[in-house]
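All values below come from the heavy atoms of this structure, side chains included, with hydrogens, waters and symmetry mates left out. This one's a predicted model, so the numbers in the text were calculated from it and none came from an experiment. For ligands, and for the atoms within them, numbers begin at 1 and follow the listed sequence.
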Amino acid sequence: MSITLPKLPYNNDALAPYISSSTLDFHHGKHHNTYVTNVNKLIEGTELANDTLEDIIKKTVNNADKIGIFNNAAQVWNHTFYWQSMQPNGGGLATGNIAEKINANFGSYDRFVEQFKNAGLTQFGSGWAWLVLKNNQLEIIKTANADTPIAHGITPLLTVDVWEHAYYLDYQNGRGGYLDAFFQHLINWEFANANLLESQG
Ligand code: MN
């Protein structure tokens, strides 16, 4: 089997003006697609050729000889999860079961936003900020470059890409403005709730 590029879960202009169609054209059509092409080239003819994306990630993490495969596979997975973490007319106060858990674990929605934004802002260079579930508690973490919670047995609920390619066309160097738009207008709370429910299955 080979790894395929999933379609975006919305039209490429559906997140405008917060994320433009040009950003999504490049980010999904070029960046995400390149990770897919690269991982397929790198696993071809190897013992990983028939593995799922998740298995490729788990089998190559912390292996210096396979860092190229890990980076490309993890970036494929992270981007697919990121597209789903957003929706048109999303963002704002959390809904559903996760809203109660946010209040219980962070104190308030505002404290949650503050911690999540801070993680995104302080990820030096390229990486990701995540809402994750660890020991049944919500936590905010950040990962560098391609690193991903699923490589470390941690359950992600939401993510935001803080690589410059995610926001440069729309916000130039203003990562904070991009993160504000993510919280206020883009988060897909139904996706976060579905991930929470599945992890408690
Ligand atoms: Mn990206």
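- Applying the side-chain hydrogen bond (donor to acceptor under 3.5 Å, both in side chains) rule to K59 yields the partners D51; only residues at least two apart in sequence or on another chain are considered.
- Within the structure, the side-chain hydrogen bond (donor to acceptor under 3.5 Å, both in side chains) test picks out no pair touching residues 84-101 (sequence neighbours left out).
- Aromatic pair H165/F26: ring centres not closer than 6.0 Å.
- Note: Y168 and H27 fail the aromatic proximity criterion, with ring centroids not under 6.0 Å apart.
- Listed by chain and number, H27 NE2, H79 NE2, D161 OD2, H165 NE2 are the protein N/O/S atoms closer than 2.8 Å to the Mn ion (ligand 1), with waters left out.
- Aromatic ring centres of F81 and F191 lie closer together than 6.0 Å.
- Considering only residues two or more places apart in sequence or on other chains, E190 meets the salt bridge (charged side-chain N to carboxylate O under 4.0 Å, His left out) condition with none of them.
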